[in-house]
Amino acid sequence: MSENVVHLHKPTDTPTNDAAPTVLTVVPDTPPAAPVPLWVRSGRTIKSAVTHETTKTTARAVARHGLYTFNGGRIVARRAWDGKTGARYERMIRTAEAAGNLEAAEEWEERLQRFRAARHHRRMDLLHSPVEAAKGLAVGTGVSIGVLVALGVVMAINNHDVTDVITPLKATIDFIAVLIRIVQVVWGPALTIGPFLALLALWTVGSKQQAAPQWALPANVRSGEGEPITPSIVVKALRDLGVPALRNAIKEMGDAGASMLGPIRIAGCGVEVDVTLPSGVATNEVQAKRRKLAENLTRHEHEVFITIPEAARTVRLWIADSGALDEPIGPSPLVTDETMTANYKTGKAPWGQDLRGDAAAISLYQRHLLVTGLSNQGKTAALRALALWLALDRNVQFWIADLKGIGDWAVFEGIAKMLIEGPSDDHCIQATEMVEDAVEEMNWRIEAQRRDPSIVFPPLIVLVDEAQKAFMCPAKGEDKRPYGGSKATSRYFMAVREIHNQGRAVDVLMWQGTQDPTDQNLPKLVREGAHTRASLVVGTESQAEMALGAKAVNAGAAPHLLRQGLDKGTLVVASDGVDIPAGQSSITVRTHFIDDEPAAEIAARAKALRDGVATLRAVDRGEERDALADVAAVLGDAPRLRTNEVLKRLHALDPSTYGDQWTNDRLKSLLEEHGEEPKKSHGVMVVHRDHVLRALANRDAEGSASAAE
């Protein structure tokens, strides 16, 4: 007889057949958790209650209002002390001495002497006042009784009653008795309520001055959002900068440290204040502490700008409202105003807004331009916005080389007479030859103006975007001269230098956009040849000096402190073409961004103002020109043009081909050769578009007939 064995432990190998014995597994019950001690639970409860936000808020409120009352008492006591003593004058004297202002110190010392003399006079008067007061009281009492008795006599005579003589005197005594009874009734409650009214008055003074530590203030004030910039806040921020001489001077000044400050003025989306530093503190010591100063003012670093005005030992602080600089500035007037036109000579391009929120417009008249910054920060957009505005002046000509080549300047097809797009060395070579052609154009204009000083030339803007590629181009020409580089043999470098030297005299202007400036990709002589220099964010202070010049950076220009990626389109501009506050050498401009679609619409308006421009896509200096076809090209859609205008356009098209040898007679001979000639219209020689097209057709027909033979 077999017995089934029940195993209490699970075997290692699981049986595979159905006849395997049933296995039971006994799992012990989980032991109960040990009870949490009472002291632990109590501690957790107390900690939760103490650290709860409601508890913190209540504690801050109690501390805040208590400190308002206590510090309000201190403020009232100090005011009373200042009113009774010369402490205020002595404090102002120390302030003036600490600031090195001896004239102000002497003036306050003179006021102190006058105050002391007046106080001495009052004290001397007090020695005689008791006797004089007693005499006055006796005389006043006697006169009053006499008047009352006289009034009683009049009443007695009128009423024929002798007792009326003392009636006024008795009424006066009764009135005094009533006043005494009123005082007796009110005196007790007044003694009880009076201290509470006094505490309320002290609390009111303290609350108005926010006389409590930062941790006890309300959250909105403690965080700094919306906190107004007051003299006390600015003085505290300067005191805590970590400049020992400044801190010690402010301590000597006491509460009068605000005497360093000029008026706090509203300036756009922030405020502006001039700070006259005390003797022994240099302006660059404050400039070097920009981040700490901003944080002391409960602002981010990019929300505080420090510049050096003309006044000696003075820094100008511009402090933005919290978050204001992160708000967009709105569309460009070029986009919103379809009637806007441009004037190269007298107009100003609407570029953006300054930090004050005012429109920042810039004059482009006879000014070479350089815009630089790190990649993808808005350099091309800033350049293109200026070019789009200037394109609305139909007289302005453009030669453009876009060495990025992704279509940013494609909207200038039909506006620019030359448009090169591409990043290769071949495109850099073409850009160099374009600039060299501009040099020839400049020389021709100079010579023509020498012969005829009254001649006026259309402005020519020679624009190279991503110019660092031209400077870094390794290619060499047949004469072994390098296209790039910064030596006297470098073709692009020398061509730009020549335009910088003489171009503005005949309105041939060089505009360049370059990124991440170095001495290799933006040589010193080239960057210093630009009249208008603008920089987006750059990496280092040395690059900021390359972009704007050491003078502007030393005076507070700081494109290296802009935020990469966050301050796109924000430029620091050094130029006499833009209105800069007196005493400053630069201005920060938040430029309008014009997207591709509105840019195309503006370009269409610019094309409508012109007679038609045939845009060359490349420069081929060895190509033999078809003069008749070029005449047709420069005529564009115009039905007729004056011969001198046709000659100007031919010269702009290819200065090397259509130079001094091309005159009215040469143009006339060309047309007569093909059966046409210029004719007069209203007394002026003109070239008709229909005649030129007919000449082209006749020439092509003759060529076809010759080929058939």
How far apart are the closest heavy atoms of [X] and [Y], and which atoms are they?
X: L374; Y: V538; result: CG-CA, 3.9 Å
X: L241; Y: V286; result: CD1-CG1, 4.2 Å
X: A557; Y: S586; result: CB-OG, 3.3 Å
X: T532; Y: R367; result: OG1-CD, 3.7 Å
X: A599; Y: I594; result: N-CG2, 3.8 Å
X: T514; Y: L522; result: CG2-CD2, 3.8 Å

State, yes or no, whether a side-chain contact exists between [X] and [Y] at a heavy-atom distance under 4.5 Å.
X: Y483; Y: S490; value: no
X: V273; Y: V271; value: no
X: R491; Y: I429; value: no
X: R291; Y: K289; value: no
X: L261; Y: D274; value: no
X: K469; Y: C428; value: yes
X: M340; Y: P333; value: yes
X: L419; Y: F398; value: no

*Just by modelled atom types, is the A574 backbone N or O under 3.5 Å from a matching donor or acceptor in the R533 side chain?*
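Not at all, since once roles are kept as given, no pair shorter than 3.5 Å links the two residues.
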*Would you say H592's side chain and W351's backbone share a donor-acceptor pair under 3.5 angstrom?*
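Flag not set: sc H592 to bb W351 has no pair under 3.5 Å.
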Basic-acidic side-chain contact under 4.0 Å: [X], [Y]:
X: E295; Y: R299; value: no
X: K345; Y: D507; value: no
X: K524; Y: E528; value: yes
X: D519; Y: R527; value: yes
X: E338; Y: R605; value: no

What is the distance from atom [atom1] of [X] to atom [atom2] of [Y], rounded to the nearest 0.5 Å?
X: W511; Y: L383; atom1: CH2; atom2: CG; answer: 7.5 Å
X: S535; Y: M546; atom1: OG; atom2: CE; answer: 11.5 Å
X: I446; Y: Q449; atom1: CD1; atom2: CD; answer: 8.0 Å
X: I362; Y: L364; atom1: CD1; atom2: CG; answer: 6.0 Å
X: S332; Y: I602; atom1: OG; atom2: CD1; answer: 6.0 Å

*Start with the C-alpha gap between M260 and L277, add the side-chain angles, then the distance that decides, and say whether side chain to side chain contact (heavy atoms under 4.5 Å, CB included) holds.*
CA-CA 7 Å; M260 296 189 306; L277 300 175; 5.6 Å; no
_E466 and Q468 side chains, donor-acceptor separation under 3.5 Å_ =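 Side-chain D/A pair, Q468 to E466: present.
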*Exercise: do D452 and S454 side chains pair donor with acceptor under 3.5 Å*: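 D452 vs S454: donor-acceptor pair found between side chains.
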_For H560, I'd like to know if atom NE2 has over 12 heavy atoms of other residues, nucleotides or ligands within 6.0 Å._
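Above 12, so yes.
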_Working note: I415 + K607, criterion side chain to side chain contact (heavy atoms under 4.5 Å, CB included); need CA distance, chi angles, decisive distance, verdict._
CA-CA 6 Å; I415 298 176; K607 294 173 189 176; 3.5 Å; yes
*Could you tell me which residues satisfy ring-ring contact (aromatic ring centres under 6.0 Å, His included) with Y344, sequence neighbours excluded, listed by chain and number?*
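For Y344 the ring-ring contact (aromatic ring centres under 6.0 Å, His included) partners, ignoring immediate neighbours, are Y365.
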_Candidate list V335, T336, V411, test side chain to side chain contact (heavy atoms under 4.5 Å, CB included), partner P598, passing option_ =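 Only match with P598 under side chain to side chain contact (heavy atoms under 4.5 Å, CB included): V335.
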Enumerate donor-acceptor pairs with a distance under 3.5 Å from any side-chain N or O in residues 456-465 to protein atoms, sequence neighbours excluded.
residue, atom, partner, partner atom, Å
D465, OD1, K379, NZ, 3.3
D465, OD2, T380, OG1, 2.8
D465, OD2, W409, NE1, 3.1

_Run the side chain to side chain contact (heavy atoms under 4.5 Å, CB included) test on W318 and T307 for me, step by step, so that the C-alpha distance in whole Å, both residues' side-chain angles and the decisive distance to 0.1 Å come before the verdict._
CA-CA 8 Å; W318 185 85; T307 53; over 6 Å; no
*Report yes or no: is the cationic atom of R290 (NZ for Lys, CZ for Arg) under 6.0 Å from the centre of the six-membered ring of F305, at an angle within 45° of the ring normal?*
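Yes; both conditions hold, so R290 lies above the ring face of F305.
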*Could you go through the side chain to side chain contact (heavy atoms under 4.5 Å, CB included) check for V526 and R497 one step at a time?*
CA-CA 6 Å; V526 169; R497 286 290 299 139; 4.2 Å; yes
